[in-house]
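Structure, as structure tokens:
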Amino acid sequence: QVQLVESGGGSVQAGGSLRLSCAASQRTFMNYAMGWFRQAPGKEREFVAAITWSGINPYYAESVKGRFAISRDNAKNAVSLQMNSLNPEDTAVYYCAASLRVGDLTESYNPTYWGQGTPVTVSS
């Protein structure tokens with residue numbers, strides 16, 4: 001069982017930045033691919049970014065490429081999402097996710113573990 005706890009959400013004006021963090025409870029954290037999803041009001045949950053255990057070649061949704069950056073620190077059992085140039089369309093609850101297969105995050109969008117989510121609000 002992997003417990004994921006997000007932090008760093010909040011409110012920001014358009015053009016601003018936020019950094020989300022996710023702490024994992026599992027000592028074998030480095031075995032897991034990690035990712036971020038988001039769900040805007042009235043919309044389905046969507047994939048945002050993912051990273052394999054090695055941190056090489058992260059994956060991004062087209063809507064966030066060039067603005068968001070995912071990273072991980074295996075020594076700290078943590079994954080982060082740096083979000084720059086935010087716009088109101090980025091407003092959503094952001095969820096951390098973990099799965100042994102990166103494809104669960106990037107293809108089937110069905111990771112094994114989910115965090116509780118942290119809200120991000122971007123005002124114009």
Checklist entry - Is a side-chain donor or acceptor of Thr91 paired with a backbone partner of Thr121 at a separation under 3.5 angstrom? => result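 Not confirmed, Thr91 side chain does not pair with Thr121 backbone.
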
So, for [X] and [Y], which heavy atoms are closest and what is the spacing to 0.1 Å?
X      : Y      : value
Leu105 : Pro111 : CD2-CB, 3.4 Å
Arg101 : Ala33  : C-CB, 4.3 Å
Ser85  : Arg67  : O-NH1, 3.0 Å

Checklist entry - Among pairs that include at least one residue of residues 12-110, which meet disulfide bond (SG atoms under 2.5 Å apart), considering only residues two or more places apart or in two chains? => result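 Pairs touching residues 12-110 that pass the test: Cys22-Cys96.
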
Checklist entry - Could you give all pairs that pass the disulfide bond (SG atoms under 2.5 Å apart) test and reach residues 26-71, with sequence neighbours left out? => result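 Residue pairs passing disulfide bond (SG atoms under 2.5 Å apart), neighbours aside: none found.
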
Checklist entry - Hey, mind stepping through Met30 and Asn77 against side chain to side chain contact (heavy atoms under 4.5 Å, CB included) and telling me if it holds? => result CA-CA 7 Å; Met30 69 176 297; Asn77 287 5; over 6 Å; no

Next on the checklist: Which residue is it: Thr106, Asp104, Asn110? I am looking for the one with a side-chain hydrogen bond (donor to acceptor under 3.5 Å, both in side chains) to Ser99.
Outcome noted: Asp104

Checklist entry - What pairs of residues pass the side-chain hydrogen bond (donor to acceptor under 3.5 Å, both in side chains) test when at least one of them lies in residues 49-58, not counting sequence neighbours? => result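 Those involving residues 49-58 are Thr52-Ser54.
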
Item to check | Pairs flagged by side-chain hydrogen bond (donor to acceptor under 3.5 Å, both in side chains) wherever residues 7-22 is involved - sequence neighbours left out | outcome: Ser17-Asn84, Arg19-Gln82

Nearest 0.5 Å, please: how far is [atom2] in [Y] from [atom1] in [X]?
X      : Y     : atom1 : atom2 : result
Glu44  : Glu46 : CD    : CD    : 10.0 Å
Phe37  : Tyr95 : CZ    : OH    : 12.0 Å
Thr112 : Gln1  : OG1   : CD    : 10.0 Å

Item to check | Chi angles and distances behind the side chain to side chain contact (heavy atoms under 4.5 Å, CB included) call for Trp114, Glu6 | outcome: CA-CA 10 Å; Trp114 293 97; Glu6 303 97 334; over 6 Å; no

Checklist entry - Transitive ILVMFWY cluster of Tyr94 at side-chain heavy atoms under 4.5 Å: who else is in it? => result Val2, Leu4, Val12, Leu18, Leu20, Phe29, Tyr32, Met34, Trp36, Val48, Ile51, Tyr60, Val64, Phe68, Ile70, Val79, Leu81, Met83, Leu86, Leu100, Tyr113, Val120, Val122

Checklist entry - Which pairs pass salt bridge (Lys or Arg N to Asp or Glu O under 4.0 Å) with one or both residues in residues 69-79, sequence neighbours excluded? => result none

